[in-house]
Amino acid sequence: MTTITNDYYDVIVIGTGPAGFACAVRSAQLGLKTACINNRHDANNKDTHLNTGDIGTMALLDSAKKYHSLIHEYAEHGIYAKDIKLDLTIMLQRKDKILAEIGNKMIDLFNSHNIGHIHASARLLNPQQVEIIADDTQIKSVLNAKTIVLATGSEAITLANIAIDNEFIFDAKAALNINEVPCKLAIIGAGVMGLELANIWSRLGSKTVLLEAQDNFLSVLDQQISGAAFSMYQDQGLDLRLGARVISAKKSNKTITIEYQDQEGTHTLKVDKVIVACGSRPNTANLAAPEANLLLDQDGYVYVDNNCRTNLPGVYAVGDLTLLGPMLAHKGIEEGIFVADFIAGINNPINYDILPSVIYTEPEIAWIGQTEQALRAMGEPIKIAIYPLNSNIRALAIDKREGIVKIIAHAYTDQILGIHIIGTQASELIAEAVLAMEFSASSEDLARTIHARPTLSEAVHDAALTLKDRVWHHPQSLTN
Ligand code: NAD
């Protein structure tokens, strides 16, 4: 039996990932009566209202880097440690504690804004009604709203012939909770997620093989950066096999046999654990009743216009559900805020052209704007400067000299068209590039901006100076 409640909301948000969370908080701040519905469970199958996104990856990466540094880098500083041990249980507990802390902060924000948070599975019935099914009692009820925001995010793509059991074969999310360091680990997919997970587990001691179906490594990146990344990861010991399409993975006793194909034929590989990181698809199964007539494309993405409006009046979609931009948490947050404002009559459009991307490996990779290959394909007249981190004195002082900053500017107007960084803390360095491009800066603007010394950000400044033929402490590297 379905109960129709008398509850009436200005905004109901379905899903509390980064996009839904931001949308709910901003809606409430604007005085809109808001509820958020979520059916998420955490790694221990406990109810949780909130999705803390990629924070688990960040927490484990930090632990893995510290462990790895202690073994491989501290002696150079004259610091010696004996009997170094890894207690993975404590490491995972630390991560979970951080997630819980952040989750609690998010719940506090919900509570302080009087946002109703409902733990249930939700389904859009029509532009004004959402059906919810309580997880515990399975009781159905219907909530009414003036506007509905769909923010159910994405789910991992699974492969036929590979059964995820999260004991031997893991999905990318469960791969943050593997309870022993695998001796031999295979990761299927060398995309962002596969590489970040490889960086964690290889630093903790797993011999890691990445099997990537595409011949082209990280094809969305500037090819110079992806080429540099490929060499650096290989030097770190990652076994990266390109053009290797996995067909099956079968468990027998405690060994997984992977079958994959490349140009030379079919191969098998035996490992202890497998992580499947083959991409994500929008979470739209069961999101709307068929009679709601929500328009999806053939891949399941929700159709939206440039204002995140679906084909149904008063129904919006944000974050990974749409093709308005890449699947990035910060894009989702911006859309969530944009939609809340839009509902309240404020129009602050998002500049999708100036959207930074980061791969959180060591070294990190971060980029904004266009790649060299895309600009050349368009026939744009460009000039390029490349500044190596091994000429940056801060990078030398902290011994993180691997990497480059690459700036691409228009050959005639000098406007910056793209900045691509590989190196330590690239995720932080890119913020300056984002700001510069948001203000349509020229490389001259960046070159005239004084940077503190000694900092890594001087490398960005020096790349801009290189474009002006004014770099003074490095042999110039300018191409056009
Ligand atoms: P992805 O699409 O970036 O990478 C998946 C890779 O798997 C692809 O390169 C694909 O060729 C490969 N693949 C697919 N089937 C295969 C097979 N049978 N054998 C071998 N390789 C196969 O997806 P992802 O890395 O899983 O990430 C999912 C989404 O989440 C992406 O949109 C990503 O940008 C986003 N994400 C972002 C961050 C970040 O911002 N740092 C972190 C994690 C994920």
Of His72, Glu73, Lys66, the one forming a side-chain hydrogen bond (donor to acceptor under 3.5 Å, both in side chains) with Ser69 is Glu73
Does the distance from a Lys or Arg side-chain N to an Asp or Glu carboxylate O, for Lys331 and Asp320, drop under 4.0 Å?
no
Heavy-atom closest pair (Pro363 atom, Ile422 atom, distance to 0.1 Å) is CG-CG1, 4.0 Å
Requested in this report: Could you tell me whether the side chains of Thr361 and Tyr233 share a donor-acceptor contact shorter than 3.5 Å?
Outcome: yes
Original post:
Is there a donor-acceptor pair closer than 3.5 Å between any side-chain N or O of Asp299 and the backbone N or O of Tyr301?
Top reply: no
Can Lys85 and Asp87 be counted as an ion pair, charged N to O under 4.0 angstrom?
no
With the threshold set at 4.0 Å, does a side-chain nitrogen-carboxylate oxygen contact exist between Asp62 and Arg94? yes
- More than 12 foreign heavy atoms under 6.0 Å from NZ of Lys65: is that the case here? yes
message = With no hydrogens and no angle check, just 3.5 Å: does a side-chain donor-acceptor pair link Glu432 and His461?
response = no
Would you please say whether a donor-acceptor pair under 3.5 Å links the side chains of Ser442 and Asp445? yes
More than 12 non-hydrogen atoms from neighbouring residues, nucleotides or ligands closer than 6.0 Å to CG on Asn306, yes or no? no
Ion pair check, Glu372 and Lys406, cut-off under 4.0 Å: yes
Can you tell whether the side chains of Arg376 and Glu380 come within less than 4.0 Å, N to carboxylate O?
no
- Identify whether the distance between the nearest side-chain nitrogen and carboxylate oxygen of Lys97 and Glu101 falls below 4.0 Å. no
_Donor-acceptor check, side chain of Glu428 to backbone of Gln425, threshold 3.5 angstrom: yes or no?_
no
* Asked: In terms of the angle between their ring planes, are His267 and Tyr260 parallel, tilted or perpendicular, with boundaries placed at 30° and 60°?
  -> parallel
Closest non-hydrogen contact found for Gln236 with Glu362 is NE2-O, 2.7 Å
Original post:
If you measure from the Lys or Arg side-chain nitrogens to the Asp or Glu carboxylate oxygens, is any gap between Glu444 and Lys468 under 4.0 Å?
Top reply: yes
For Leu197 and Ile187 the tightest heavy-atom approach is C-CD1, 4.0 Å
Tell me, yes or no, whether the heavy-atom count around Phe439 atom CZ, taken from other residues, nucleotides or ligands under 6.0 Å, exceeds 12. no
For Ala198 and Leu210, the nearest pair of non-hydrogen atoms, with its separation, is CB-CD1, 3.7 Å
With a 3.5 Å distance limit and no angle check, can you tell me whether Thr208 reaches the backbone of Ser206 through a side-chain donor-acceptor pair?
yes
All heavy atoms of Asn166 vs all of Ala174, minimum pair found to be OD1-CB, 3.2 Å
- prompt: Less than 4.0 Å between a side-chain N and a carboxylate O, is that true for Glu212 and Arg245?
  reply: no
